[in-house]
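To start, the structure itself, in structure tokens.
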Amino acid sequence: MKKTIGLLVISAAIGLTGCAKTDTYTPAETASGEEIFSANCTKCHQPATDGKVMALSSKMATKEAIIEKVNKGGMTMTSFPNITGEPAQRLAEYVLANSSKK
């Protein structure tokens, strides 16, 4: 029993390490949304078989929600606090234009 609890604690600690992860990538001011997505997001988000880059919930299907998620990260998603301004707008527009809705 103690071994099981110990393994669960270790597994949870390893799983939560992604929460604190921050990537310092800063896109060029002229980078397109597709360039930013390709350089960073495809490390974890692979396009679906229908060619869409993501399936967004209705809550995430706004530019503001996408930019906030990119900047703050979450659960297992790395945060990218340096993707701001026009590059962040272009990334969010790219994700919205190339995603399906759940």
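Basis for what follows: all heavy atoms, side chains included, without hydrogens, waters or symmetry-related copies.
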>> Quick one, Val70 with Ile66, criterion side-chain contact (heavy atoms from CB on, under 4.5 Å). Give me CA distance, side-chain angles, the key distance, then yes/no.
In response: CA-CA 6 Å; Val70 167; Ile66 292 168; 4.3 Å; yes

>> If you apply the rule side-chain contact (heavy atoms from CB on, under 4.5 Å), what do you find for Arg90 with Phe37, and how did you get there?
In response: CA-CA 10 Å; Arg90 288 191 291 274; Phe37 190 89; over 6 Å; no

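Going from atom NZ of Lys69 over to atom CD of Glu64 covers 16.0 Å, rounded to the nearest 0.5 Å.
Residues meeting the side-chain hydrogen bond (donor to acceptor under 3.5 Å, both in side chains) test with Thr26, sequence neighbours left out: Asn82. Shown here are the side chain to side chain contact (heavy atoms under 4.5 Å, CB included) partners of Glu29, two or more places apart in sequence or in another chain: Glu86, Pro87. Shown here are the side-chain hydrogen bond (donor to acceptor under 3.5 Å, both in side chains) partners of Lys63, two or more places apart in sequence or in another chain: Gln89, Glu93. By the salt bridge (Lys or Arg N to Asp or Glu O under 4.0 Å) test, Glu68 is found to be paired with Lys72, residues two or more places apart in sequence or in another chain being considered.
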Side-chain donor-acceptor pairs of residues 39-47 under 3.5 Å, sequence neighbours excluded:
unit_1, atom_1, unit_2, atom_2, d
Asn40, ND2, Ile36, O, 3.4
Thr42, OG1, Ser38, O, 2.8
Gln46, NE2, Thr42, O, 2.3

Tabulate below the donor-acceptor pairs under 3.5 Å that side-chain atoms of residues 94-102 make, not counting sequence neighbours, or state none.
unit_1, atom_1, unit_2, atom_2, d
Asn98, ND2, Tyr94, O, 2.8
Ser99, OG, Val95, O, 2.6

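Hydrophobic cluster membership differs between Ile67 and Met77, with clusters built from Ile, Leu, Val, Met, Phe, Trp and Tyr side chains linked at under 4.5 angstrom.
Among residue pairs with one or both ends in residues 51-85, none qualify as ring-ring contact (aromatic ring centres under 6.0 Å, His included); sequence neighbours excluded.
In plain terms, the two heavy atoms of Ile83 and Ala88 that are nearest each other are O-CB, 3.5 Å.
For the pair Ser79/Asn71, no side-chain contact is recorded, criterion being any heavy-atom separation below 4.5 Å from C-beta on.
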